[in-house]
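Numbering starts at 1 and runs along the sequence shown. Predicted, not measured: the structure shown is a model, and the values here were computed from it.
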Amino acid sequence: MHRLTYGDVEQAAERTAGRVRPVPVVPADTPSGSGDFELWLALEFMQHTGSFKARGAHNFLAAHREAGTLPAAGVTIASGGNAGLACAWAAREQGVTATVFLPATAPGVKVARLRGLGADVRLVGSEYAEALAACQEFAAATGALASHAYDHPLIAAGAGTLLEEIVQRVPGLDTVVVAVGGGGLFAGVATAARHHGVRTVAVEPENCRALHAALKAGEVVDVPVDSVAADALGARRVSATALAVAQEGDVTSVLVPDAAIVGARRALWDERRVAVEHAGAAAFAALAGPDAAYVPAAGEKVAVVLCGANTDPGDLIDR
């Protein structure tokens, strides 16, 4: 296992400078009943392809191009979600093909968007596991570079560049709140946060608690997946890198119920006209109301990462 370092994040920041969109960070009023602290929202859902994944995808491919290990066969990934979209975008930026494997049951809108980014989309089987197996076979047969949604140091380091931008915009930041799925975003952000003396609050749905369970067990373990945010935060196990980072730094792991995630997503729309996916609202949910999973101290400077907006806003709009 590669031990993720702040130096990895610094290198990623150099590679992604001018290639990804700098994150807007805006002040916000605190959720009703949640206490007297200073709240900032990091609007990373405005990133290329609608999520933070573009950072890691660009860093991954740019590093391989630097090293001369980006093959003519391009890159391949099994993902119809944010990671697949980011991979296709980054491949187009590098002038190589992305071959993306999806189950044949994948929504047509995802297939169309991937193809719009120039990806070669392969529909295989009816489950993700079948698409992943086909992706691995394709990589072995063609020499294409196999990418991963979160479990790679270059992917995690790219995500960590987000924290670098946040601390530049919010001097004296005390705490960053971030949602956790497989752990790529968390690992990168927490590594950079530790360097800057910033606490990381890792937020997971109650029934998608891969990091929380690993911390309790002292090792990576499999967990059940059942949440409204499972499409993005539904990893059955967190990466070993993420667990190591959580064990080293100033990290607080909290869980939020689905009802809080749904309510936070609705509140972001009703009160701020921000439309994010459930995973993007999970971090905000940790601060909401008298039963908040994380209660900041008076005067604490807190930045919440709204990490993705690949969602259908139709259920947010009153009809």
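The closest donor-acceptor contact from the side chain of Ser79 to the backbone of Gly84 lies under 3.5 Å. Here the side chain of Thr69 pairs a donor or acceptor atom with the backbone of His64 at under 3.5 angstrom. Looking only at distances, no side-chain donor or acceptor of Thr175 sits under 3.5 Å from a matching main-chain atom of Arg199. Without hydrogens or angle criteria, Thr16 side chain to Arg19 main chain gives no donor-acceptor distance under 3.5 Å. No donor-acceptor pair closer than 3.5 Å links the side chain of Glu164 to the backbone N or O of Val9. Remark: the backbone N or O of Val228 is paired with a side-chain donor or acceptor of Asp258 at under 3.5 angstrom. Of the possible donor and acceptor atoms, one in the side chain of Glu300 sits under 3.5 Å from a partner among the backbone N and O of Ala297. The backbone N or O of Ala210 lies less than 3.5 Å from a partner atom in the side chain of Glu204, making a donor-acceptor pair.
Here the OG1 atom belonging to Thr191 is positioned 8.0 Å from the CG atom belonging to Asp8, to the nearest 0.5 angstrom. Annotation: the span from Lys110 atom NZ to Arg115 atom CZ amounts to 14.5 Å, rounded to 0.5 Å. Distance SG/Cys87 to NZ/Lys53: 11.5 Å, rounded to 0.5 Å. For the atom pair Asn207 CG and Ser227 OG, the distance stands at 7.0 Å (nearest 0.5 Å). Glu38 contributes atom CD, which lies 9.0 Å from atom CG of Leu173 (distance to the nearest 0.5 angstrom). A distance of 5.0 Å separates CZ in Arg15 from CG in Asn59, rounded to the nearest 0.5 Å.
Phe52 and Val245 end up in the same hydrophobic cluster when Ile, Leu, Val, Met, Phe, Trp and Tyr side chains are linked at under 4.5 Å. Residues Val26 and Phe284 fall within the same hydrophobic cluster, defined by Ile, Leu, Val, Met, Phe, Trp and Tyr side chains chained together at heavy-atom separations under 4.5 Å. Connection of Val305 to Phe37 is not established within any shared hydrophobic cluster, with ILVMFWY side chains joined at heavy-atom distances below 4.5 Å, either directly or through further cluster members. No continuous path of ILVMFWY side-chain contacts below 4.5 Å connects Leu255 to Tyr294, so the two sit in separate hydrophobic clusters. A chain of hydrophobic side-chain contacts below 4.5 Å, direct or via other Ile, Leu, Val, Met, Phe, Trp or Tyr residues, connects Leu185 to Val167.
Side-chain contact between Val198 and Asp174 is absent, with no heavy atoms from C-beta onward closer than 4.5 Å. In this structure, Cys307 and Gln47 have side chains that are not in contact, with every pair of non-hydrogen atoms separated by 4.5 Å or more. Under the 4.5 Å side-chain criterion, counting only non-hydrogen atoms from C-beta, Glu165 is not in contact with Leu163. Side-chain contact between Val304 and Leu39: present, with at least one pair of heavy atoms (C-beta onward) separated by less than 4.5 Å. Inter-residue side-chain proximity for Leu102 and Val124 is flagged as unmet; no heavy-atom pair is nearer than 4.5 Å. For the pair Arg55/Leu162, a side-chain contact is recorded, criterion being any heavy-atom separation below 4.5 Å from C-beta on. By the 4.5 Å heavy-atom criterion applied to side chains, Leu85 and Arg113 are counted as neighbours. Between Leu123 and Phe101 the shortest side-chain heavy-atom distance does not fall below 4.5 Å.
Side-chain heavy-atom separations under 4.5 angstrom define the hydrophobic clusters, and the remaining members of the one that includes Val75 are Phe60, Leu61, Leu70, Val96, Leu145, Leu154, Ile155. Counting side-chain heavy-atom gaps under 4.5 Å among Ile, Leu, Val, Met, Phe, Trp and Tyr, the cluster of Val223 also holds Val221.
With sequence neighbours excluded, no residue forms a salt bridge (Lys or Arg N to Asp or Glu O under 4.0 Å) with Glu271. For Asp226, there are no side chain to side chain donor-acceptor pair (under 3.5 Å) partners, not counting sequence neighbours.
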Check your understanding: Taking it one step at a time, do Gln94 and Arg65 satisfy side chain to side chain contact (heavy atoms under 4.5 Å, CB included)?
Key -> CA-CA 8 Å; Gln94 291 292 331; Arg65 184 173 289 286; 2.6 Å; yes
Exercise for review: For Leu268 and Leu306, run side chain to side chain contact (heavy atoms under 4.5 Å, CB included): C-alpha distance rounded to whole Å, both residues' side-chain angles, the deciding distance at 0.1 Å, then the answer.
Suggested key: CA-CA 10 Å; Leu268 285 166; Leu306 304 181; 4.1 Å; yes
Exercise for review: Tell me, with the steps shown, if Val177 and Val302 meet side chain to side chain contact (heavy atoms under 4.5 Å, CB included).
Suggested key: CA-CA 7 Å; Val177 185; Val302 180; 3.6 Å; yes
Review point. What's the verdict on ring-ring contact (aromatic ring centres under 6.0 Å, His included) for His152 and Tyr150, showing C-alpha distance, side-chain angles and the deciding distance?
Key: CA-CA 6 Å; His152 192 284; Tyr150 58 87; over 10 Å; no
Practice item. List the steps, then state whether side chain to side chain contact (heavy atoms under 4.5 Å, CB included) holds for His148 with Ile77. Key: CA-CA 6 Å; His148 195 279; Ile77 191 171; 6.0 Å; no
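Glu44 and Ser51 share no side-chain donor-acceptor pair at under 3.5 Å. Side-chain polar atoms of Asp120 and Thr97 form no donor-acceptor pair below 3.5 angstrom.
Between Ala229 and Pro205, the shortest heavy-atom contact is CB-CG, 4.3 Å. Shortest non-hydrogen contact noted between Gly143 and Ala73 is C-CB, 4.2 Å. A pairwise comparison of heavy atoms in Ala187 and Leu4 identifies O-CD2, 3.5 Å as the closest pair. A pairwise comparison of heavy atoms in Ala54 and Ala86 identifies N-CB, 3.6 Å as the closest pair. When every heavy atom of Thr76 is checked against every heavy atom of Ala139, the shortest pair comes out as CG2-CB, 3.9 Å. Nearest heavy atom pair, residue Phe186 against residue Ala242, reads CE2-O, 3.4 Å.
Ion pairing between Arg272 and Asp29 holds under the 4.0 Å rule for side-chain N and carboxylate O. Contact check on Arg237 versus Asp222 returns a salt bridge, with a Lys/Arg side-chain nitrogen under 4.0 Å from an Asp/Glu carboxylate oxygen.
For the pair Arg265 and Trp269, the cation-pi criterion (under 6.0 Å, within 45° of the ring axis) is not fulfilled.
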Side-chain donor-acceptor contacts of residues 130-138 below 3.5 Å, not counting sequence neighbours, with atom names and distances?
from	atom 1	to	atom 2	distance (Å)
Glu130	OE1	Ser126	N	2.9
Glu130	OE1	Ser126	OG	3.4
Glu130	OE1	Glu127	N	3.1

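Sorted by first and then second residue, the ring-ring contact (aromatic ring centres under 6.0 Å, His included) pairs involving residues 196-227 (not counting sequence neighbours) are Tyr6-His196.
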